[in-house]
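Computation of the quantities below employed the complete heavy-atom set of this structure, encompassing side-chain atoms and omitting hydrogens, waters and symmetry-equivalent molecules. Within every chain, numbering begins at 1; the chains are lettered A, B, ... in the order of the sequence lines, protein sequences first and strands thereafter.
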There are 2 protein chains.
Amino acid sequence: MTVRVLVADDERLVRTALRAILGAEPDLDVVGEAANGDEAVTRAGELRPDVVLMDVRMPGTDGIRATEALLATMDEPPRVIVVTTFENDSYVYEALRVGASGFLLKRSAAEDLVRAVRLVAHSDSLLFPAAVRALAARHARRERAGALRARLTEREAQVLRLMAQGLNNAEIAARLSVGAQTVKSHVAAVLAKLGARDRTQAVIAAYEHGFVTPG
Amino acid sequence: MTVRVLVADDERLVRTALRAILGAEPDLDVVGEAANGDEAVTRAGELRPDVVLMDVRMPGTDGIRATEALLATMDEPPRVIVVTTFENDSYVYEALRVGASGFLLKRSAAEDLVRAVRLVAHSDSLLFPAAVRALAARHARRERAGALRARLTEREAQVLRLMAQGLNNAEIAARLSVGAQTVKSHVAAVLAKLGARDRTQAVIAAYEHGFVTPG
DNA sequence: AACCGCCTCCCCCGCGCGGGGGAGGCGGGC
DNA sequence: GCCCGCCTCCCCCGCGCGGGGGAGGCGGTT
């Protein structure tokens, strides 16, 4: 019983390389390719692969949203392995949140790739289900930070970050090389936008929304 | 190439059951058993298994500390799968922190167990390495909360928690049914002990030390 | 040109907060 | 017995903070 794989990457060379690596294995079969997220979703619907190798960075619909769409629309969705360049890429957490079964670094050895495909095809992420969920929940909070960040101007966000480091208005003014009155204005704006009564409540909101993170 | 497994559990019946399940697989071989953490460490040194199934709750040295000792002392340590009863068991995070390759619920199906053993034997936790590390770092912070809590009196800790909820002194006083002056005293004590200049810095310290947690 | 959002800075004002003292009751440990 | 830590409450005081206004410059949109 061979594992059917769909390769989604915007770079043709990468797709070919992945196909070569996986195709050399007798039990793995690359059944199709996609050059962007939308294509990945439609191809997956047609080809019904067991595993999708999904690049995160793709023009148009990126790998994350493609994964999300894939898992939401198909009734028997494939396992998705998200492929990324950097280990601490924030995409990784997004991927896990939307339901990817795993991720792989581009600098991984060929055998790691093969191993990963077999692994998710046969067992999904049997390990660390709670771990993944905890991570997902934790980084879901960062989403909300977006909403928070969107409401604050760039300067206000800077001021909030400095507030969250325990600086008082004078210190923030010095750090930003502006007058103390200016900082007061920004702080007032931050408090108003966050619905906070004082700077302490603002800092708490910053932590609770994942705008700043402990550690 | 068979996978050599060591089963560590304080209950004899459980050990036997695990041995029966794993022994039925041609590629898996239970080479030994241990009834507690210390025994697990010594047996692992003698038998050099590929995988250790480690129960968390054991008399004497528990599964966590045994895992820690195991990974620290052996030059080619086995993969450790921690076995626990509850999914949200805090032991799980401890296990990942000290370097376990995975965990398994006791209510899992037999095939899940077999799968998990093969999985970690052949690939360790190829998936989610960053996820595991993030989790470990995050829960390591909870340790430090102990040091902080030790320095504060019970009442002071209460006050700090309320401060971290954005309450001002009057509100804290009302919540604790004491006078406002009393709260001021406690707050002053908290600030002094934490080396904080104002309540905002105190709340930040509470977050950074894991004394309170976002979410 | 008119408009708007953002950053910058200014005024006055009230008050909560934090610093520096002290004090009484109450429990446990030497 | 005494001492010590903790919780409780009291005084005065200074100032940083936050609320309420306003204003000018600058860059983008319409």
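- The side-chain heavy atoms of A/L160 and A/L194, taken from C-beta on, include a pair separated by under 4.5 Å.
- In this structure, B/E156 places its CD atom 11 Å from P of D/dT8, rounding to the nearest Å.
- Within the 4.5 Å cutoff, no side-chain heavy atoms of B/D9 are placed close to those of B/V83.
- When rounded to the nearest whole Å, the span between CG of A/L194 and C1' of D/dG18 equals 15 Å.
- The side-chain heavy atoms of B/L18 and B/L53, taken from C-beta on, include a pair separated by under 4.5 Å.
- For the 3.5 Å distance criterion, the side chains of A/Q158 and A/R155 qualify, holding a donor opposite an acceptor.
- Between B/L191 atom CG and C/dG16 atom P there is a gap of 18 Å when expressed in whole angstrom units.
- The distance from atom CG of A/L162 to atom C1' of D/dC17 is 17 Å, rounded to the nearest whole Å.
- For A/S185 against C/dC7, a side-chain-to-base donor-acceptor contact under 3.5 Å is absent.
- Remark: B/R197 is not in phosphate contact with C/dC17, judged by side-chain N or O atoms under 4.0 Å from OP1 or OP2.
- At whole-Å resolution of the value, CD in A/E154 and P in C/dC6 are 12 Å apart.
- In this model, the phosphate group of C/dC7 is approached by a side-chain N or O of A/T153 to a distance below 4.0 Å at OP1 or OP2.
- A sub-4.0 Å separation between OP1 or OP2 of C/dT8 and a side-chain N or O of A/R155 is present.
- Residues of residues 171-184 of chain B that place a heavy atom closer than 4.0 Å to DNA chain C, in numerical order, are B/K184.
- In this structure, the side chains of A/I21 and A/V114 come closer than 4.5 Å at one or more pairs of heavy atoms.
- Put simply, A/N169 has a side-chain N or O that comes within less than 4.0 Å of OP1 or OP2 on D/dC17.
- Under the 3.5 Å distance criterion, the side-chain polar atoms of A/D29 are left unmatched by any main-chain donor or acceptor of A/V31.
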For residues 162-176 of chain B, please give each side-chain donor-acceptor pair under 3.5 Å, one per line with the distance, not counting sequence neighbours.
unit_1, atom_1, unit_2, atom_2, d
B/N168, OD1, B/A170, N, 3.2
B/N168, OD1, B/E171, N, 2.9
B/N169, OD1, B/R199, NH1, 3.0
B/N169, OD1, B/R199, NH2, 3.3
B/E171, OE1, A/R197, NH2, 2.9
B/E171, OE1, B/N168, N, 3.0
B/E171, OE2, A/R197, NH1, 2.8

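- Nucleotide D/dG19 holds its P atom 9 Å from the CG atom of A/D198, rounded to whole Å.
- Whole-Å rounding puts the B/H186 NE2 to D/dC7 C1' distance at 5 Å.
- At whole-Å resolution of the value, CG in B/N168 and P in C/dG18 are 10 Å apart.
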